[in-house]
Amino acid sequence: MEARVLWLLAVVLALGISSSSAQYVGLSESQCAIPAKDRVDCGYPEVTPEQCNNRGCCFDSSIPEVPWCFKPLQETECTF
């Protein structure tokens, strides 16, 4: 029984960690594919992924010392 509980805890923690590094709610992944050096800050210290996404911004905490909450690329429409 203990082994099952430990295994379940490990799975839940792994899912939580992987989902917290990059979140693009309502945005396409390509809109948030911005090199770290080009990120324009969209948040504030201690902003959560949910708060960031509510502002219409991308959240990616996988790269230290760059903005984790940043403005997405604007998709442009081509009209002929």
Side-chain angles (χ1 to χ4, degrees):
M1 180 71 178
E2 262 186 63
R4 284 186 186 177
V5 171
L6 290 174
W7 181 82
L8 181 60
L9 180 61
V11 169
V12 169
L13 287 173
L15 289 173
I17 290 170
S18 67
S19 67
S20 68
S21 65
Q23 295 188 7
Y24 316 124
V25 176
L27 298 166
S28 69
E29 193 168 338
S30 64
Q31 284 180 276
C32 295
I34 300 173
K37 65 179 180 60
D38 296 332
R39 290 182 180 181
V40 176
D41 200 352
C42 186
Y44 46 88
E46 310 289 325
V47 67
T48 66
E50 182 179 17
Q51 291 165 332
C52 180
N53 293 145
N54 287 342
R55 297 171 73 112
C57 299
C58 304
F59 187 89
D60 180 359
S61 62
S62 66
I63 304 172
E65 300 189 28
V66 298
W68 289 357
C69 181
F70 53 97
K71 294 185 179 182
L73 289 174
Q74 299 300 314
E75 290 190 12
T76 58
E77 294 182 30
C78 295
T79 57
F80 295 95

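Values below: every heavy atom of this structure, side chains too, minus hydrogens, waters and symmetry copies.
- Taken together, C58 and C52 fail the criterion of an SG-SG distance shorter than 2.5 Å.
- The heavy-atom pair separating E46 from Q51 by the smallest distance is O-OE1, 4.1 Å.
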Compile the donor-acceptor pairs under 3.5 Å between side chains in residues 64-73 and protein atoms, sequence neighbours left out, one pair per line.
unit_1: W68; atom_1: NE1; unit_2: I63; atom_2: O; d: 2.8

